[in-house]
Amino acid sequence: MINIPKGTKDVLPQDSYKWRFVENAARETAKIFNVKEIRTPTFEHTEVFLRGIGETTDVVNKEMYTFTDKGDRSITLKPEGTAGVARAFVENGLSNSALPLKTYYITSCFRYERPQAGRLREFHQFGVEFFGSYSAETDAEVIILAKTFLEKLGLTDYVLNINSIGCKECRKEYHAALKEYLKKNFDALCKNCKERFEKNPLRVLDCKEEECKLIAAGAPSILDYLCDDCKAHFEKVKKLLTAAGVKFNVNDKIVRGLDYYTKTVFEFTTDCIGAQSTVLGGGRYDGLIEELGGGKMPGIGFAAGIERLLLLTEATGVKIPDDEKVQIYVAPIGETAAFKCFEIVNDLRANGIIAETDHLGRGIKSQFKYADKIGAKYVAVMGEDELNKGEIKVKSMADGNETFVKVENLLNFIKG
RNA sequence: GCGGGUGUAGCUCAGUUGGUUAGAGCGCGAGAUUGUGGUCCUUGAGGUCGUGGGUUCGAUUCCCAUCUCCCGCCCCA
């Protein structure tokens, strides 16, 4: 037997309706916010992610599916959605379109990691990217969109954390202050954080080690170092969210692991699905388009992990509506009747009825069993008698009532 | 990349202190006076007991290795 690659999952026919439920909620939310779908390739030139996500990040350093193709090009399966969309934005000259340009996608992403609860090597994201607006209204709208989406799914067990990590300018000052502070506590830091000190001191704030948490608690806050513009921006985002009735915590310890983020960052987290608690995360990236060779162009977006959302619906008992059931199973008895039933079923389907009939030449009894299993609302039996009279005997599976219906009236009978 | 756990039927799991044909429930198939489902009953199919070595007269059971899946670290959605 050949088995599935590590860290991947089959979505089986009996479960796929749950995925469609999430995807439909995503598309409906996008529609209301006038967000248009964008589809970019599953793989890109590795360069896109090196430049976009940042060469020092863990995602780029140790988690990418990178290979050389037969034309000697370095290709990488997308580990996230934003960089590819940004590349498409630049390449297609979308800065000349009506701005802001609001896009979304539902896509597979790939990261070479050890699988665990809520973490797979191929996973799926619903993501949103807005381009062309610096305004706080845009930040607030993106966050409200995210919340609307989660609400549409019926989710409630989550909290929203927001922070501002400043622009290039104020982050520089903060970095210096943070390093100054960390230097004083350097010996108490965990092994990992000692390395982070040089490469990415911000990440120390995010460390889960007890000693580091203590040190992080006393660290200077980025919020005290924001420049006037960043500060005003963040204040306005908070004000807009509050006015919109969005509950949030300001958490100056949240840091995102992708280099492109600036100013507003946010995470919707839950404690219901294990250690991988972020179900949706994102932020502003005002330097990304330039990094990929475009002009000066702000952007902001988020991505939600579909598998994690599905885990959360399950963990919190969200009721996902059942998949569509077969409306009528047409059961023939004998060859001649089977021919007629095939015709009847075709006709019902042509009229939009979910209809099914025998494929295996089964007896009437097992046809009923089958019809029951697939959840058929009605079973219509056609044998010699019915064939001769031009009728069909329709049984309601819920109450067992049987009615003789003229074949030409069957469609109307089913409809109501 | 590092740690802990796990691996017996499609699924959930028993079991063998090493000994002839390896079990249950669920599911699946067939039947219960041959034109009627969901309950009950009868019956059937389905496992090289994760894989490869080793110990042994004999291993699914003991030992070693390896892989898988699960959980955690790291990181992120």
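Model, not experiment: these values are computed from the prediction. Within every chain, numbering begins at 1; the chains are lettered A, B, ... in the order of the sequence lines, protein sequences first and strands thereafter.
Contact check, A:Lys393 against B:G35: no side-chain N or O comes under 4.0 Å of OP1 or OP2. In terms of phosphate contacts, A:Gln116 brings a side-chain nitrogen or oxygen within less than 4.0 Å of OP1 or OP2 of B:G72. The side chain of A:Lys365 places an N or O atom within less than 4.0 Å of a non-bridging phosphate oxygen (OP1 or OP2) of B:G37. The side chain of A:Lys395 contributes no N or O atom lying less than 4.0 Å from OP1 or OP2 of B:G37.
One C1' atom belongs to B:U21, the other to B:U16, and the distance between them is 15 Å to the nearest Å. To the nearest whole angstrom, the two P atoms, one in B:U36 and one in B:A22, are 40 Å apart. Here the separation of B:G4 from B:G47, taken at their P atoms, is 36 Å to the nearest Å.
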Give me the distances for all protein-to-nucleotides 42-52 of chain B N/O pairs that come in under 3.5 Å?
none

Below 3.5 Å between N/O atoms, which protein atoms pair up with nucleotides 2-7 of chain B? Just atom names and distances, please.
{"residue": "B:C2", "atom": "N4", "partner": "A:Arg114", "partner atom": "NH1", "Å": "3.1"}
{"residue": "B:G3", "atom": "O6", "partner": "A:Arg114", "partner atom": "NH2", "Å": "2.8"}

Would you tabulate the pairs of protein nitrogen or oxygen atoms and nucleotide nitrogen or oxygen atoms of nucleotides 26-30 of chain B closer than 3.5 angstrom?
{"residue": "B:C28", "atom": "OP1", "partner": "A:Lys373", "partner atom": "NZ", "Å": "3.4"}
{"residue": "B:G29", "atom": "OP2", "partner": "A:Lys373", "partner atom": "NZ", "Å": "2.7"}

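For A:Tyr260, the side chain to side chain donor-acceptor pair (under 3.5 Å) partners are A:Glu80, A:Thr82, not counting sequence neighbours. Listed by chain and residue number, nothing satisfies the side chain to side chain donor-acceptor pair (under 3.5 Å) test with A:Asp385 (two or more places apart in sequence, or in another chain). Scanning for ring pair (Phe, Tyr, Trp, His ring centres under 6.0 Å) contacts around A:Phe268 gives A:Tyr158, with sequence neighbours left out. Residues forming a side chain to side chain contact (heavy atoms under 4.5 Å, CB included) with A:Pro100 (at least two apart in sequence, or on another chain): A:Ser133.
Closest approach to the A:Lys9 side chain among B:A77, B:G35, B:C70 is made by B:C70 (side chain taken as heavy atoms from C-beta onward).
Within residues 262-288 of chain A, the residues having any heavy atom under 4.0 Å from RNA chain B are, by residue number, A:Gly274, A:Ala275, A:Gln276, A:Thr278, A:Val279, A:Leu280, A:Gly281. Listed by residue number, the members of residues 399-416 of chain A with any heavy atom below 4.0 angstrom from RNA chain B are A:Gly400, A:Glu402.
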With a cut-off of 3.5 Å and sequence neighbours excluded, list every side-chain donor-acceptor pair involving residues 56-65 of chain A.
{"residue": "A:Thr57", "atom": "OG1", "partner": "A:Gly54", "partner atom": "O", "Å": "2.8"}
{"residue": "A:Thr57", "atom": "OG1", "partner": "A:Val60", "partner atom": "N", "Å": "3.4"}
{"residue": "A:Asp58", "atom": "OD2", "partner": "A:Lys62", "partner atom": "NZ", "Å": "3.4"}
{"residue": "A:Asn61", "atom": "ND2", "partner": "A:Glu55", "partner atom": "O", "Å": "3.2"}
{"residue": "A:Asn61", "atom": "ND2", "partner": "A:Thr56", "partner atom": "O", "Å": "3.1"}
{"residue": "A:Asn61", "atom": "ND2", "partner": "A:Thr57", "partner atom": "O", "Å": "3.0"}

All N/O donor-acceptor pairs, side-chain side in residues 29-38 of chain A, below 3.5 Å, sequence neighbours left out:
{"residue": "A:Thr29", "atom": "OG1", "partner": "A:Ala25", "partner atom": "O", "Å": "2.6"}
{"residue": "A:Glu37", "atom": "OE1", "partner": "A:Arg27", "partner atom": "NH1", "Å": "3.2"}
{"residue": "A:Glu37", "atom": "OE1", "partner": "A:Arg39", "partner atom": "NH2", "Å": "3.4"}
{"residue": "A:Glu37", "atom": "OE2", "partner": "A:Arg27", "partner atom": "NH1", "Å": "3.4"}
{"residue": "A:Glu37", "atom": "OE2", "partner": "A:Arg39", "partner atom": "NE", "Å": "3.0"}
{"residue": "A:Glu37", "atom": "OE2", "partner": "A:Arg39", "partner atom": "NH2", "Å": "3.4"}

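Residue contacts for A:Glu113: at a heavy-atom cut-off of 4.0 Å it reaches a base atom on one of the strands shown. At a threshold of 4.0 angstrom between heavy atoms, the contacts of A:Ile306 with the nucleic acid are absent.
Shown here for A:Ile215 and A:Tyr181, the closest heavy-atom pair between the two residues is O-OH, 2.6 Å.
With salt bridges taken as basic N to acidic carboxylate O contacts below 4.0 Å, none links A:Lys184 and A:Glu180.
Helical stems in RNA chain B, defined as runs of 3 or more consecutive Watson-Crick or G-U wobble pairs with donor-acceptor distances under 3.5 Å: B:1-5 with B:69-73, B:10-13 with B:23-26, B:28-31 with B:41-44, B:50-54 with B:62-66.
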